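In what follows, a single structure is set out as structure tokens and then discussed.
What you are looking at is a predicted structure, and each value in this text was computed from that prediction instead of being measured.
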Amino acid sequence: MLTGGCHCGKIQFQVETSADLELSECNCSICYMSGYLHLIVPRAAFRLLRGEKNLMTYQFNTRIAKHYFCRYCGVKSFYVPRSHPEGISVNARCIDRNSIRSTTVTQFDGAHWEQNAHGLRPLPG
């Protein structure tokens with residue numbers, strides 16, 4: 001079980017996954033600008049521990065993805081991704097550093113999402 005949260009600590013979460021993280025770095029407009037590193041997990045593997053009332057939601061384009069930001073510090077520590085709306089994408093940069101053993105990062109061309117979405121890995125489990 002790994003833990004993490006936003007910068008100010010008002011949002012805290014737990015994610016059940018290996019300490020060896022397999023991440024995706026996307027170059028779509030929002031991921032590129034925010035430096036987001038995706039750890040996509042099934043919803044059952046994610047638990048919001050604190051701060052639901054402190055979350056703001058942002059949606060754009062297809063409005064499938066639900067981007068959740070802390071209303072105080074502005075950090076997006078997790079969201080519901082368009083690619084896996086039945087899952088949660090956790091920002092690996094928001095996971096407590098001491099709990100991560102290793103990371104492997106795969107590049108994803110999200111700037112051309114429609115042409116490349118078929119190549120995304122399915123949710124684990």
Side-chain angles (χ1 to χ4, degrees):
M1 207 57 92
L2 305 181
T3 58
C6 68
H7 187 260
C8 70
K10 292 187 185 303
I11 308 297
Q12 292 185 345
F13 63 82
Q14 203 173 52
V15 62
E16 187 176 344
T17 190
S18 167
D20 299 305
L21 303 181
E22 292 187 26
L23 309 173
S24 177
E25 184 174 32
C26 176
N27 66 352
C28 78
S29 60
I30 196 165
C31 293
Y32 179 80
M33 287 182 162
S34 64
Y36 201 95
L37 280 178
H38 299 264
L39 171 65
I40 300 177
V41 298
R43 283 191 192 222
F46 179 85
R47 186 168 155 221
L48 184 61
L49 300 175
R50 185 168 91 179
E52 185 173 0
K53 69 181 185 321
N54 298 321
L55 290 171
M56 300 291 292
T57 306
Y58 173 67
Q59 293 179 277
F60 67 99
N61 196 11
T62 64
R63 303 186 62 78
I64 295 170
K66 291 179 180 56
H67 301 267
Y68 296 109
F69 296 84
C70 173
R71 73 171 59 238
Y72 294 95
C73 67
V75 169
K76 178 172 75 167
S77 51
F78 68 94
Y79 81 108
V80 176
R82 177 181 174 192
S83 63
H84 298 85
E86 70 284 5
I88 297 288
S89 177
V90 176
N91 187 351
R93 297 183 194 280
C94 294
I95 295 172
D96 296 330
R97 293 180 196 188
N98 294 334
S99 62
I100 299 171
R101 187 172 32 240
S102 69
T103 59
T104 303
V105 179
T106 302
Q107 301 298 312
F108 174 70
D109 185 7
H112 303 99
W113 199 90
E114 306 299 340
Q115 295 93 323
N116 297 306
H118 70 279
L120 289 168
R121 286 182 297 162
L123 278 175

Checklist line | Contacts of type side chain to side chain donor-acceptor pair (under 3.5 Å), residue Ser99, not counting sequence neighbours | finding: none
Item checked: Gap between atom CD of Gln12 and atom SG of Cys94 - 0.5 Å precision -> 12.0 Å
Item checked: Sequence-distant partners of Ser77, side chain to side chain donor-acceptor pair (under 3.5 Å), two or more places apart -> none
Next item on the list: Using atom types as modelled and distance alone, determine if a side-chain donor or acceptor of Asp96 lies under 3.5 Å from a backbone N or O of Asn98.
Entry: no
Note to self: Holding to ring pair (Phe, Tyr, Trp, His ring centres under 6.0 Å), I want the full list of residues that pass it with His67, two or more places apart in sequence or in another chain.
What the structure shows: Phe60, Tyr79
Check: Does anything in residues 12-30 pair up under salt bridge (charged side-chain N to carboxylate O under 4.0 Å, His left out), and if so which pairs, sequence neighbours excluded?
Finding: Asp20-Arg101, Glu22-Arg121
Item checked: With Glu114 via salt bridge (Lys or Arg N to Asp or Glu O under 4.0 Å) - residues at least two apart -> Arg82
Determine all donor-acceptor pairs shorter than 3.5 Å in which one atom belongs to a side chain in residues 26-35; sequence neighbours excluded.
{"residue": "Asn27", "atom": "OD1", "partner": "Gly110", "partner atom": "N", "Å": "2.7"}
{"residue": "Asn27", "atom": "OD1", "partner": "Ala111", "partner atom": "N", "Å": "2.8"}
{"residue": "Asn27", "atom": "ND2", "partner": "Asp109", "partner atom": "OD1", "Å": "3.3"}
{"residue": "Ser34", "atom": "OG", "partner": "Ile30", "partner atom": "O", "Å": "2.9"}

Next item on the list: Verify, without hydrogens or angle tests, whether Tyr36 (side chain) and Ser89 (backbone) share a donor-acceptor contact under 3.5 angstrom.
Entry: yes
Next item on the list: Please indicate whether Arg43 has more than 12 foreign heavy atoms, meaning atoms of other residues, nucleotides or ligands, lying under 6.0 Å from its CZ.
Entry: yes
Margin query: Rounded at 0.5 Å granularity, tell me how far NE2 in His84 sits from CD1 in Ile64.
Written below: 13.0 Å
Check: Residues two or more places apart in sequence or in another chain: which of them pass side chain to side chain donor-acceptor pair (under 3.5 Å) with Asn61?
Finding: none
Next item on the list: Drop me the distance from Cys70's SG to Lys76's NZ, to the nearest 0.5 angstrom.
Entry: 14.0 Å
Checklist line | All ring pair (Phe, Tyr, Trp, His ring centres under 6.0 Å) counterparts of Phe69, not counting sequence neighbours | finding: none
Notebook entry, point to check: If you look only at pairs with a residue in residues 56-72, which of them pass as a salt bridge (charged side-chain N to carboxylate O under 4.0 Å, His left out), with sequence neighbours excluded?
Noted result: none
Check: Using links of under 4.5 Å between side-chain heavy atoms of ILVMFWY residues, direct or through other members, which residues join Val105 in one cluster?
Finding: Leu2, Ile11, Phe13, Val15, Leu21, Leu23, Leu37, Leu39, Val41, Phe46, Leu48, Leu55, Tyr68, Phe78, Val80, Ile88, Val90, Ile95, Ile100
Item checked: Residue pairs passing the side-chain hydrogen bond (donor to acceptor under 3.5 Å, both in side chains) test where at least one lies in residues 49-58, sequence neighbours excluded -> none
Margin query: Which Ile, Leu, Val, Met, Phe, Trp or Tyr residues join Leu120 in one cluster when any pair of side-chain heavy atoms under 4.5 Å counts as a link?
Written below: Phe108, Trp113
